[in-house]
A.B. asks: 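This structure is in structure tokens; I'll ask about it shortly.
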Amino acid sequence: QVFSSVTSTLNVSVFKDRFVLEDLVEEMKKQSTGLSFGALQPNGHIAVQGSFPAIKGLRDFLLLKARSLSEQDERKESKSYRKPRRKLQEHGSTTEARNVVHDEEKQVMVLDTDIYHYMRQLFPWIFSVNGVVVSGVTDGDLTTVCVENAGGADAGQVLRVKKRIEDRSLKLHEALRKERIPFQEHGRGEKQRYKEVCESLKACYPHVVVIPYDTHVDIIGFPSEVLGFAKELLR
């Protein structure tokens, strides 16, 4: 929201053993049409320019691709330890069916951690669907969300839940703001005072989500409410 355009240098050489880098760059361009790409350098570096949310989206795309490769490697390793079936034809058909079920019953996406927490607290109904389980693993400012069929859901339900989460997160990405309030002291009493004030302010700011950490609290919500909440808290 501050910078109209930023530039980042990506190192895609980590994919060279699995992809033709030129083809990967073309896929990145199709994925992120709002970004400008420089020439791919011999060392695998490429400059990318555009809005910060668009560059974050490209990063999420590459992280998801890296994770999918890791999952493929894990599946290959696990298959290598299985006993061979009696008939090769049966083994092939069984493997193919297993992959189809996996694609239909499990979907993975990467979300901004702040938006994920905001959605979990204020839009819990998005994650609560009969027959579908949604879990998240947070790693810094990114959270990997897994949508799985827990039994009883139809074939398209997992995809519909995934799309609903993605659509809501995109809308919130454009609308939300975060304010970080550092603790002046790091003792238990200071943190408790902040916690009590935050609890008392929730009634006046029901659409604000507060995430406490050891050294600060993050306030997430719409700009006007976040500013009002932060002023009240600091006062």
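Since this is a predicted model, take the numbers as computed values, not measurements.
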A.B. asks: Quick one: does Leu159's side chain get under 4.5 Å of Val147's, heavy atoms only?
C.D. replies: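 With C-beta onward as the side chain, the pair stays apart.
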
A.B. asks: Within a strict 4.5 Å, meaning less than it, do heavy atoms of the Lys195 and Pro212 side chains meet?
C.D. replies: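 Side-chain contact under 4.5 Å: no.
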
A.B. asks: Would you please test Cys198 and Leu233 for side-chain contact (heavy atoms from CB on, under 4.5 Å) and show each step?
C.D. replies: CA-CA 7 Å; Cys198 287; Leu233 179 60; 4.0 Å; yes

A.B. asks: Would you say Leu24 and Val12 make side-chain contact, with heavy atoms under 4.5 Å?
C.D. replies: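 Contact flag for Leu24/Val12 side chains = yes.
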
A.B. asks: Can you tell me how far the NZ atom of Lys202 sits from the CD atom of Glu199, to the nearest 0.5 Å?
C.D. replies: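 Lys202 atom NZ to Glu199 atom CD measures 4.0 Å (nearest 0.5 Å).
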
A.B. asks: Is the number of heavy atoms from other residues, nucleotides or ligands within 6.0 Å of NZ (Lys171) greater than 12?
C.D. replies: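 Open.
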
A.B. asks: Please check: side-chain N/O of Ser200 versus main-chain N/O of Val197, any donor-acceptor pairing under 3.5 Å?
C.D. replies: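 It does hold such a pair.
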
A.B. asks: Hydrophobic cluster membership, with links at side-chain heavy-atom distances under 4.5 Å among I/L/V/M/F/W/Y: are Val133 and Val158 in one?
C.D. replies: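 They do not share one cluster, since no chain of ILVMFWY contacts under 4.5 Å joins Val133 to Val158.
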
A.B. asks: Please give me the minimum heavy-atom distance between Pro223 and Ala175, naming the atom from each residue.
C.D. replies: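 Minimum heavy-atom contact is CD-O, 3.4 Å.
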
A.B. asks: Between CZ of Phe61 and CD of Gln31, what distance do you get to the nearest 0.5 Å?
C.D. replies: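 One finds 5.0 Å between CZ of Phe61 and CD of Gln31.
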
A.B. asks: To the nearest 0.5 Å, tell me how far His207 NE2 sits from Leu176 CG.
C.D. replies: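 The NE2 atom of His207 sits 12.0 Å away from the CG atom of Leu176.
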
A.B. asks: Give a yes or no on whether a salt bridge exists between Glu26 and Lys30, defined as a side-chain N under 4.0 angstrom from a carboxylate O.
C.D. replies: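 No, no charged N to carboxylate O under 4.0 Å.
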
A.B. asks: Between Ile165 and Met119, does a side-chain contact (heavy atoms from CB on, under 4.5 Å) hold up when you go through it step by step?
C.D. replies: CA-CA 9 Å; Ile165 294 174; Met119 292 173 63; 3.8 Å; yes

A.B. asks: Which value, rounded to the nearest 0.5 Å, describes the distance between Arg164 atom CZ and Gln157 atom CD?
C.D. replies: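 It comes to 7.5 Å.
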
A.B. asks: Determine which pairs satisfy side chain to side chain donor-acceptor pair (under 3.5 Å) with at least one residue from residues 117-137, sequence neighbours left out, and list them in order.
C.D. replies: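 Non-adjacent pairs meeting side chain to side chain donor-acceptor pair (under 3.5 Å): Tyr116-Arg120.
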
A.B. asks: Honestly curious: do Val14 and Ile55 fall in one hydrophobic cluster under the side-chain, below-4.5 Å linking rule?
C.D. replies: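 Yes: a chain of side-chain contacts under 4.5 Å links Val14 to Ile55.
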
A.B. asks: Look at Glu232 together with Arg235 and state whether they make a salt bridge at an N to O cut-off of under 4.0 Å.
C.D. replies: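 Yes.
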
A.B. asks: For the OG atom of Ser169 and the CG atom of Leu111, what is their distance to the nearest 0.5 Å?
C.D. replies: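 The OG atom of Ser169 sits 5.0 Å away from the CG atom of Leu111.
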
A.B. asks: In sequence, state the C-alpha distance, the side-chain angles, and the governing distance for Val134 and Val145, and then conclude on side-chain contact (heavy atoms from CB on, under 4.5 Å).
C.D. replies: CA-CA 7 Å; Val134 181; Val145 179; 3.6 Å; yes

A.B. asks: By side-chain contact (heavy atoms from CB on, under 4.5 Å), which residues pair with Asn43, not counting sequence neighbours?
C.D. replies: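 Here the qualifying residues are Gln41, His45.
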
A.B. asks: Can you tell if the side chain of Gln49 reaches within under 4.5 Å of the side chain of Leu35, non-hydrogen atoms only?
C.D. replies: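 Result no, sub-4.5 Å side-chain heavy-atom pair not found.
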
A.B. asks: What's the verdict on side-chain contact (heavy atoms from CB on, under 4.5 Å) for Val161 and Phe127, showing C-alpha distance, side-chain angles and the deciding distance?
C.D. replies: CA-CA 8 Å; Val161 173; Phe127 302 90; over 6 Å; no

A.B. asks: What pairs with Glu179 under salt bridge (Lys or Arg N to Asp or Glu O under 4.0 Å), at least two apart in sequence or on another chain?
C.D. replies: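 Salt bridge (Lys or Arg N to Asp or Glu O under 4.0 Å) list for Glu179, sorted by chain: Arg177.
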
A.B. asks: Is there a path from Phe222 to Phe123 through hydrophobic residues (I, L, V, M, F, W, Y) whose side chains come within less than 4.5 Å of each other?
C.D. replies: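 Both belong to a single hydrophobic cluster.
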
A.B. asks: Please report the shortest heavy-atom distance between His216 and Pro182, naming the atom on each side.
C.D. replies: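 Result for this residue pair: CB-CA, 3.8 Å.
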
A.B. asks: Is any side-chain heavy atom of Leu21 closer than 4.5 Å to one of Leu40?
C.D. replies: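 Touching, per the 4.5 Å side-chain cut-off.
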
A.B. asks: Any side-chain heavy atom of Ile219 within less than 4.5 Å of one from Lys178?
C.D. replies: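 Not touching, per the 4.5 Å side-chain cut-off.
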
A.B. asks: Identify whether the distance between the nearest side-chain nitrogen and carboxylate oxygen of Asp60 and Lys56 falls below 4.0 Å.
C.D. replies: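 Answer for the salt bridge query: no.
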
A.B. asks: Under a 4.5 Å side-chain heavy-atom rule over Ile, Leu, Val, Met, Phe, Trp and Tyr, are Val208 and Leu201 clustered together?
C.D. replies: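 Looking at the clustering, Leu201 is in the same group as Val208.
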
A.B. asks: Taking C-beta and beyond as the side chain, do Ile220 and Ile211 meet within less than 4.5 Å on heavy atoms?
C.D. replies: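 The answer is yes, as the side chains (C-beta and beyond) meet within the 4.5 Å cut-off.
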
A.B. asks: Would a 4.5 Å heavy-atom cut-off, applied to side chains only, mark Met28 and Leu58 as touching?
C.D. replies: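 SC-SC contact between Met28 and Leu58 confirmed.
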
A.B. asks: Could you state whether Phe52 and Phe37 fall into the same hydrophobic cluster, counting links through intermediate Ile, Leu, Val, Met, Phe, Trp or Tyr residues with side-chain heavy atoms under 4.5 angstrom apart?
C.D. replies: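 Yes, same cluster.
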
A.B. asks: Rounded to the nearest 0.5 Å, how far does CG of Asp114 lie from OG1 of Thr138?
C.D. replies: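 So the OG1 of Thr138 and the CG of Asp114 are separated by 10.0 Å.
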
